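Please read the structure below before turning to the comments.
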Amino acid sequence: MHSFGYRLNGLLTFAVTILALMCAITSLSDNFNTPSPSAEIKIMNINWFQKQPQGHDEPYATDYLIAVSLTMNVSADLQSLFTWNTKQVFIFVAAEYETQKNSLNQVSLWDAIIPAKEHAKFWIHTSNKYRFVDQGNNLRGKKFNLTLHWHVMPKTGKMFADKIVLTGYSLPEEYR
């Protein structure tokens, strides 16, 4: 007969193998979910649109930052992103625009963590949580997109990310 150590080793190996198989099946089951989230973002007000010095100590520095403060309404229905394997969903709103130097500039404006499906349908009136800045004079009259990004964090398996791009926004021609 086998000793107690051999039997315990066999039992633990079998249990870990079954646990790994169950985790793999759980992770694969997420591939059958076809989410259909929706979102809308309205800019209610441009609170300020200013040219600010970079903060260099040198008197000859002429670099400026362009800073924008927005008030916006963000509404979304992200309930379809949640499955029985979803732990939480991280979302953020980014302003995306092109300049001569860069084909894509992204500035994160607001973010949140949605811990459960019950909180995944929401409407919020907020100002940008993070500064909307650009180095240079690239924002006057600039057209930009607001993009709602999300990262689904599962209990087991790989994370996945996607986004909804909302177009048709522009900044004023003059500073305020």
Side-chain angles (χ1 to χ4, degrees), residues 1-44 68-99 101-135 138 142-169:
M1 282 307 240
H2 296 289
S3 70
F4 176 74
Y6 284 129
R7 290 180 184 181
L8 183 63
N9 184 26
L11 181 64
L12 287 176
T13 302
F14 178 71
V16 169
T17 303
I18 295 300
L19 183 62
L21 184 63
M22 289 174 60
C23 287
I25 291 170
T26 301
S27 180
L28 289 173
S29 73
D30 279 343
N31 294 332
F32 298 113
N33 183 33
T34 53
S36 56
S38 62
E40 185 179 348
I41 302 172
K42 290 183 181 176
I43 295 179
M44 304 309 290
V68 182
S69 173
L70 305 170
T71 300
M72 56 191 161
N73 288 341
V74 180
S75 62
D77 183 0
L78 306 176
Q79 290 179 330
S80 64
L81 297 175
F82 281 83
T83 65
W84 62 281
N85 187 34
T86 304
K87 180 178 180 183
Q88 64 187 16
V89 177
F90 173 73
I91 59 171
F92 68 97
V93 174
E96 299 178 345
Y97 59 96
E98 293 181 11
T99 60
K101 278 187 174 181
N102 302 308
S103 62
L104 177 63
N105 295 283
Q106 284 186 318
V107 180
S108 181
L109 301 177
W110 175 84
D111 64 9
I113 295 174
I114 302 173
K117 187 174 185 173
E118 296 79 38
H119 305 288
K121 189 172 187 176
F122 63 91
W123 177 90
I124 186 168
H125 178 80
T126 184
S127 291
N128 46 311
K129 195 174 183 180
Y130 306 106
R131 289 181 42 175
F132 183 176
V133 296
D134 185 65
Q135 298 170 343
N138 298 318
K142 179 63 70 181
K143 295 196 179 306
F144 64 97
N145 299 329
L146 288 177
T147 305
L148 179 69
H149 295 263
W150 62 82
H151 297 265
V152 177
M153 298 170 193
K155 293 175 184 163
T156 182
K158 66 175 186 152
M159 284 185 10
F160 76 90
D162 206 351
K163 62 186 175 183
I164 295 175
V165 179
L166 304 161
T167 61
Y169 302 97

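The structure displayed is predicted, hence computed values, not measured ones. Residues: numbered from 1 along the sequence shown.
Among residues two or more places apart in sequence or in another chain, the ring pair (Phe, Tyr, Trp, His ring centres under 6.0 Å) test is passed with Phe90 by Phe92. Residues satisfying the side chain to side chain contact (heavy atoms under 4.5 Å, CB included) criterion with His119, sequence neighbours excluded, are Ile114, Pro115, Ala116. In this structure Ser69 satisfies the side chain to side chain donor-acceptor pair (under 3.5 Å) test together with Asn47, sequence neighbours excluded. Contacts of Phe132 classified as ring pair (Phe, Tyr, Trp, His ring centres under 6.0 Å), with partners at least two apart in sequence or in another chain: Phe144. For Thr99, the side chain to side chain donor-acceptor pair (under 3.5 Å) partners are Asn105, not counting sequence neighbours. Partners of Tyr169 by side chain to side chain donor-acceptor pair (under 3.5 Å), not counting sequence neighbours: none found. The side chain to side chain donor-acceptor pair (under 3.5 Å) check on Asn128 picks up nothing, with sequence neighbours excluded. Under the rule for a side chain to side chain contact (heavy atoms under 4.5 Å, CB included), Ala24 has no partner lying at least two apart in sequence or in another chain. In terms of the salt bridge (charged side-chain N to carboxylate O under 4.0 Å, His left out) criterion, residue partners of Lys42 (sequence neighbours excluded) are, by chain and number, Glu40. Residues meeting the side chain to side chain contact (heavy atoms under 4.5 Å, CB included) test with Thr13, sequence neighbours left out: Asn9, Thr17.
Residues Leu19 and Val16 fail the side-chain proximity criterion, which asks for heavy atoms closer than 4.5 Å. The shortest distance between side-chain heavy atoms of Val107 and Tyr130 does not fall below 4.5 Å. In this structure, the side chains of Pro154 and Met159 come closer than 4.5 Å at one or more pairs of heavy atoms. Side-chain contact between Asp134 and Lys142: absent, with no pair of heavy atoms (C-beta onward) separated by less than 4.5 Å.
Scanning both residues, Leu81 and Thr86, for their nearest heavy atoms gives O-OG1, 3.5 Å. When all heavy atoms of Leu78 and Pro37 are compared, the pair lying nearest together is CD2-CB, 3.5 Å.
Judged by distance alone, the side chain of Asn33 and the main-chain N or O of Phe82 form no donor-acceptor pair under 3.5 Å. Panel note: side chain Thr71, backbone Met44; no donor-acceptor pair is recorded below 3.5 Å.
The structure places CD1 of Ile43 at 5.0 Å from CG of Leu70, a figure rounded to the nearest 0.5 Å. Between the OG1 atom in Thr147 and the CD atom in Gln106 there is a gap of 7.0 Å [rounded to 0.5 Å]. Taking CD of Gln79 as the reference point, atom OG of Ser36 lies at 10.5 Å (rounded to 0.5 Å). Between the OG atom in Ser127 and the NE2 atom in His125 there is a gap of 6.5 Å [rounded to 0.5 Å]. Asn145 contributes atom CG, which lies 13.0 Å from atom CD1 of Ile164 (distance to the nearest 0.5 angstrom). Remark: Lys87 NZ to Lys155 NZ distance equals 9.5 Å, nearest 0.5 Å.
Residue pairs meeting the salt bridge (charged side-chain N to carboxylate O under 4.0 Å, His left out) criterion with at least one partner in residues 120-131, sequence neighbours excluded, are Asp111-Lys129. Residue pairs satisfying the salt bridge (charged side-chain N to carboxylate O under 4.0 Å, His left out) criterion with at least one member in residues 156-169, sequence neighbours excluded, are absent.
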